[in-house]
Amino acid sequence: MNEQYEFSKIEPKWQKYWEDNDLFHVTEDESKEKFYCLEMFPYPSGKLHMGHVRNYSIGDVLARYKTMNGFNVLHPIGFDSFGLPAENAAIKNQSHPAIWTSSNIEEMEKQLRQLGFSYDWDREACTYKEEYYKWMQWIFIQFYKKGLAYKKENPVNWCPSCATVLANEQVVDGCCERCGTQVTKKNLSQWYFKITDYADRLLDDIDKLPGWPDKVKTMQRNWIGRSYGYELTFKLKDGDLPMTVFTTRADTIFGVSFMVIAPEHPYVDQLITGQKEEALCREYMEAAKRQSDIERSSTTKEKTGVFTGRYVINPVNGKEVPVYLADYVLMGYGTGLVMGVPAHDQRDFDFATKFGLPIVPVVDAGSGEDLNNLTKAVEAEGVMINSGKYTGMNNKEAIDAIGGDFEKQGIGKKTKNFKLRDWLISRQRYWGTPIPMISCPDCGWVPEKEENLPVLLPTDVEFTGKGESPIVTSKTFVNTKCPVCGKDAKREVDTMDTFLDSSWYFLRYTDARNDKACFDPQKAKYWMSVDQYIGGVEHAILHLLYSRFFTKVLYDLGLASVEEPFTNLLTQGMVLKDGSKMSKSVGNVVSPEEIISKYGADTARLFILFAAPPERELEWSDTGVEGSFKFLNRVYRLIYELAEDTKGIPCVYRLETKDDKQLAYILNNTVKRVSDDINKRFNFNTAISALMELVNEIYRYKELEDVNMGLLRDSAEKLVLMLSPFAPHVCEEMWEGLGMQAPVYKAPWPEYDEAALVKDSIEIVVQINGKVKGKMDVPTGLSKDDLQALVMESEQTAEIVGGKEIVKIVAVPGKLVNIVVKG
RNA sequence: GCCUGGAUGGCGGAAUAGGCAGACGCACGGGACUUAAAAUCCCGCGAUAGCAAUAUCGUACCGGUUCAAGUCCGGUUCUAGGCACCA
C-alpha cells in the first residue's frame, strides 16, 4: 500500500489478481445457498454508457455483498447481439454484421472488466454465436411442435424505412420504435407465437410476484387487458349471418340503438353487396385501409362511419336497429362487432350524436341528470330502467341476469377477451436467428431435423438495405430438401425477432457451455429462478412479459423447474444530464471512459450509487463525482495511517471512555445500516452516507488523547469490508495494506453486536404543544411512566412550562415527552 | 381520458412503524496551513426579525384527523412514465 491513492495502478493490479485466481467462477454447490444475481445484458452498441454503469454497479454491489455473506453467487453477463444496428452498420461499411458486432463486444468486455464487475466470464452468452442460436432454433421447434408457433397472412405493421415488420409492441405512437418512421399496414405471411394461450397464466401469476414493483405489474396487467363479458348474437334482418357482439355491459341491451361493424370484418362484403349504400361503404373501407394506425386511433378524431343499409333485430325487444361501418371498432378485439348503447358508452354517444341516432337510457345512476336529455354517457353504476322484466334491478346484477337468459336461449355465451395479441416473431432481416422451417410443396411447413441444427446464417449475402430479407440473395441457403419426403423444398428466409433470444438467456447462463442441450435441467433447477433481476423500466412490458412466457412454456416442456423467471425485480431510473436523458443528439453525454481515466472505476461506481436511490432518475454531476473521489482519498489516507498505527494489534478491546462507546456504537450501527440498506432496501445511497459518517467519526476519534487501538483496528477492518462491494479495487488494496489475507471479496461480511447498540443514556425531546423546547439525557429503557415522572421533576421542564396549566402529557419512551398546556 | 409514481434548502438527496425536518454529499462563504496555488484541515450555511439569546414561519396548494403530520385522510395544481376508440 503506497502513501498515495493511485487508482491507475491499483485497479489493473486487482483486476489481474481476480482473473488469475479465477475468483468469480462458480459451480453448482448443494452445500451452499445459491443466489442468482442478474442484470439485463447489453446490446453491443460499441461503448458502455452511464446507464450500463449504473445497472451493473447495482448488480455488482449485491453480488459481492451476497458472496461475502456466504452465498454461492451466480453473476453472469453476455451480449444481446443480433439486431438491426449491426446490419445497418454492415450496409454502411460494406462489411459483415459479425465484424461490427464482435469488435463492439470486445470493446465492451474490456470496459466491463475495467469497471471491476464480478462476472463469471466462463458463462458469457452471445446470442449471435452458433452455439447460442442453435438452441434458440431448437427451442423454436419445440414451440412449433407444441402448437405454439404458426404462420398466418395478416395485415401487419410495416416500417417502410427499416423495410421490416414490427410487433405491436414495437410500434410507439404509430411510429417505428427504432427509427420513428410512421408505420403502415402490409399483408404478409408471418410467423406468430401463441402467447394468447398463456394470457390467463401470465395475468394470474403476476400475483405470485411480490418482489416486483407495482408499477411494472400494473403495466403488465393493463397490457394483457383481460375483461369478462358476454357474446350476444343478434339476428340479421333479411339474412342468415349471426351478428355476434362482445360486450361487458349486457345490462344495457335495452338501450341498443345501432350496431357497428369493423370495416375489415369478413361479413362486410356479404352485408353490403347489392345494397344501394354499397358504393359509399366500399369507399369508406378503402379509406380505412389507407389510414395509418396513428390517424385511426386518435381519440380526438371525430367519429366517422357509414350506414350499410342493413338492420339487426334486438332479441330482447324485437327492435330493428341499423348496422353501420365505423373504424372506431377494431377487428382484432372481441368479435369486430359492437352493439351501440349511446346512453351508457361515451364512444357510442359520440357516434349517435353525430348520426342522429336515438339515445335510450336504461340505467339510472341517480346522480340527477336529465335522462331524456343527456349531454354525455352515463357509465356509473345504478338501477335498471326501461328494461322490461329487469327494470328495478341493480345494473351490475343485471349483467349476469340478462347474459344468463341469453345463454339459456342459446344466443349468448359468457366469455373473456384480452388486449394481448399473438406475438409476431418473424423479421425480414438478415442479422437474427434463422427460423428453422422448411416449406415443402407436398408437406407444407416442416421443421428442420433437430440433428441438422443449427441452420446457419449464410455468409454469401448482399446488404443493400432494401426490400426483403437479404438472405434471399444467398445462392446456397434457400434451396433444400424436405426433411419429411426429401423433395425439393425452400427454407424460410425470415429471421427471429431478437426478443426471442433474450427471453431465455438467463436459463442458458445456468449451463452456458452445454453443446448437447439448451441447458441441463438439473443445473437450471439449482440456479433458477433469478433471485434479483435488475434493469431499465423500459423493458417493463416486452422483455419481461416474453421472458415470463418462455419460462412457462419451458416449464410445461419439463425443461425449466420454475414458472416464473425473476423472483425480485429492480427497475433502475435513467441517468440524466442537465435534466434530460444523455444522448448524442442533445450533446450531453458523459462517457464512462472519461470518468474512469480521470478518477478510476471505484469513484465512478461509488458516485453513481451515491447520487440517487436506484429506482429514481439520476442527475449526473461532475462536481459530485469529485466528491466521491475525495471520499475515497480520505478513506485511503485514514487506512494508510491506521495500518501503520495498529499493526499487529488484535481487534480485542474493552470500551472504557464515553468516546470509545460512541465509536463502538457508530461502528456497529453502521454495520447494521449498511447491511439493511444493501440487502433489504437497495438504498445504496444511504449505505454510502452511513459509511461517510463512520469515516468522519473515526477521524474524530483517532485525534483524541486517549484512544483504544484495538477498537480503531476493528473499525478500520470493518470499514474496508463494508466499502468493498462499492469500491472493490481500493478496498482490496487497503485490505492487503492492513495485513489481511486477500481477497477481501472472499472475506466474511462483518456482523454487529446488539449489545454495543444499547446506549446507557439517550437524548429525548421535551415538547410544549408539539414544539421542541428542550432536550434531556435520560437513562435508556425507562418505562412510559418513569420517563414522564423524570422529565416532569426536572427544573428545566418547570422552566419551560413556566407555570402554565398542564392539560395532558404524552410520553413516548426513547423519543419524547410532549406537554400540552393551555393558553 | 384512464393507470402508476413524484413534488422537501442554491443543487443531489435523508428522515426505514405518525415523534427533533434538512442526515450525507455538492456548491457557496469565512478561517488555518502555504511565498502562492492545489491538496488537506476547521467553522458557517432553509426563510424572516434580532447584536444576541431567541421568536415566528417553512416539506407544491387548500382543508381535515391527531398531544404530534414531509409521513395518514379528502380535494386541487404541476410534473414524469405507461396505456389509449379494447366495446
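Note on naming: letters A, B, ... go to the chains in the order of the sequence lines (proteins, then strands), and numbering restarts at 1 for each one. If you're wondering where the values come from, they're calculated on a predicted model, not measured in any experiment.
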Give each protein N/O atom lying under 3.5 Å from an N/O atom of nucleotides 6-14 of chain B, with the pair distance.
residue	atom	partner	partner atom	Å
B:G12	O2'	A:Ala611	O	2.5
B:G13	O3'	A:Asn685	ND2	3.4
B:A14	OP1	A:Asn685	ND2	3.1
B:A14	OP2	A:Arg616	NH2	2.8

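- Between the NZ atom of A:Lys217 and the C1' atom of B:G82 there is a distance of 17 Å, given to the nearest Å.
- Between A:Arg226 and A:Asp200 there is a salt bridge, since a side-chain N of the basic residue sits under 4.0 Å from a carboxylate O of the acidic one.
- Under 4.0 Å is where a charged nitrogen must lie from a carboxylate oxygen, and between A:Asp645 and A:Lys702 no such pair does.
- Glycosidic conformation, B:A32: anti, with the torsion outside 90° of 0.
- Taking the charged nitrogens against the carboxylate oxygens, A:Arg221 and A:Asp207 do have a contact shorter than 4.0 Å, which makes a salt bridge.
- If you run side chain to side chain contact (heavy atoms under 4.5 Å, CB included) between A:Val575 and each of A:Glu617, A:Arg54, A:Lys581, A:Glu619, only A:Arg54 comes through.
- Ring pair A:Phe258/A:Phe351: centre-to-centre distance below 6.0 Å.
- Judged by atom type and distance alone, A:Lys419 does not reach the base of B:C83 through any side-chain donor-acceptor pair under 3.5 Å.
- Spacing of P atoms, B:A68 relative to B:C20, comes out at 14 Å, to the nearest Å.
- Side-chain to base pairing of A:Lys215 with B:C3: no donor and acceptor N or O lie closer than 3.5 Å to each other.
- Spacing between B:G29 and B:G19 at atom C1', rounded to whole Å, works out to 35 Å.
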Intermediate values then yes/no, side chain to side chain donor-acceptor pair (under 3.5 Å), A:Tyr640 and A:Asn2:
CA-CA 8 Å; A:Tyr640 181 78; A:Asn2 290 331; over 6 Å; no
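- Straight-line distance from the NZ atom of A:Lys815 to the P atom of B:G19: 7 Å, rounded to whole Å.
- Residue A:Tyr333 places at least one side-chain N or O under 4.0 Å from the OP1 or OP2 atom of B:A87.
- Picking from B:C57, B:C20, B:A87 the nucleotide with the shortest atom distance to the side chain of A:Asp345 gives B:A87.
- Side-chain N/O atoms of A:Asn696 include one lying less than 4.0 angstrom from OP1 or OP2 on B:G25.
- Defined by atom type and a distance below 3.5 Å, a donor-acceptor pair is missing between the side-chain atoms of A:Tyr284 and A:Thr308.
- One atom, CG of A:Leu606, and another, C1' of B:C24, lie 12 Å apart when rounded to the nearest Å.
- The aromatic ring centres of A:Tyr230 and A:Phe406 sit 6.0 Å or more apart.
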Taking Watson-Crick and G-U wobble pairs with both distances under 3.5 Å, convert RNA chain B into its dot-bracket string, 5' to 3', dots for unpaired and | for cross-strand pairs.
(((((((..(((......[....))).(((((.......))))).((((....))))..(((((..]....))))))))))))....
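- A:Gln767 comes within 4.0 angstrom of a nucleotide base, judged by non-hydrogen atoms across all strands.
- Under a cutoff of 6.0 Å and an axis angle of 45°, A:Lys303 and A:Tyr328 form a cation-pi pair.
- Across the protein-nucleic acid pair, A:Ile541 atom CD1 and B:U4 atom C1' stand 12 Å apart, rounded to whole Å.
- Taking the C1' atom of each, B:C26 and B:G44 are spaced 16 Å apart, rounded to whole Å.
- Distance, A:Asn818 CG to B:G19 P: 13 Å, rounded to whole Å.
- Counting to the nearest Å, the C1' atom of B:G25 and the CZ atom of A:Phe607 are 10 Å from each other.
- Nucleotides B:G9 and B:U59 place their C1' atoms 10 Å apart, quoted to the nearest Å.
- Among the nucleotides B:A87, B:A23, B:G19, the one closest to any side-chain atom of A:Phe246 is B:A87.
- Each of A:Gly225 and A:Ser621 has a nearest nucleotide on RNA chain B; the 5'-most of these lies closest to A:Ser621.
- When the nucleotides B:C83, B:G19, B:C20 are ranked by their closest atom to the side chain of A:Val810, B:G19 comes out on top.
- A:Ile224 has its CD1 atom 14 Å from the P atom of B:C83, to the nearest Å.
- With hydrogens and angles left out, the side-chain atoms of A:Arg634 and A:Asn696 include a donor and acceptor closer than 3.5 Å.
- Nearest nucleotide to the side chain of A:Met692, out of B:C67, B:C24, B:C85: B:C24.
- Using a 4.0 Å heavy-atom distance criterion, A:Val820 is classed as a sugar-phosphate-only contact.
- The gap from the P atom of B:U4 to that of B:C57 amounts to 37 Å, rounded to the nearest Å.
- Mapping A:Asp348 and A:Val772 onto RNA chain B by nearest heavy atom places A:Val772 closer to the 5' end of the strand.
- Anti is the conformation of B:G70, whose glycosidic angle sits further than 90° from 0.
- B:C72 and B:G81 have their C1' atoms separated by 26 Å, with the value rounded to a whole Å.
- Between A:Val590 and A:Met582, some side-chain heavy-atom pair lies under the 4.5 Å cut-off.
- Comparing B:U34 with B:C24, their C1' atoms are spaced 30 Å from each other, to the whole Å.
- A:Met574 has its CE atom 14 Å from the C1' atom of B:G5, to the nearest Å.
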Given side chain to side chain contact (heavy atoms under 4.5 Å, CB included), test A:Leu545 with A:Ile224 step by step and report yes or no.
CA-CA 9 Å; A:Leu545 189 66; A:Ile224 296 167; 4.0 Å; yes
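- Within the 4.0 angstrom heavy-atom criterion, no nucleotide atom of any strand lies near A:Ser628.
- Ring centroid separation for the pair A:Tyr599 and A:Phe607 does not come in under the 6.0 Å cut-off.
- In summary, A:Lys215 and A:Glu615 do not engage in a salt bridge, as defined by a charged side-chain N under 4.0 Å from a carboxylate O.
- Spacing of P atoms, B:C42 relative to B:A55, comes out at 30 Å, to the nearest Å.
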Protein-nucleotides 37-43 of chain B N/O pairs under 3.5 Å:
residue	atom	partner	partner atom	Å
B:U40	O3'	A:Arg637	NH2	3.3
B:C41	OP1	A:Arg634	NH1	2.5

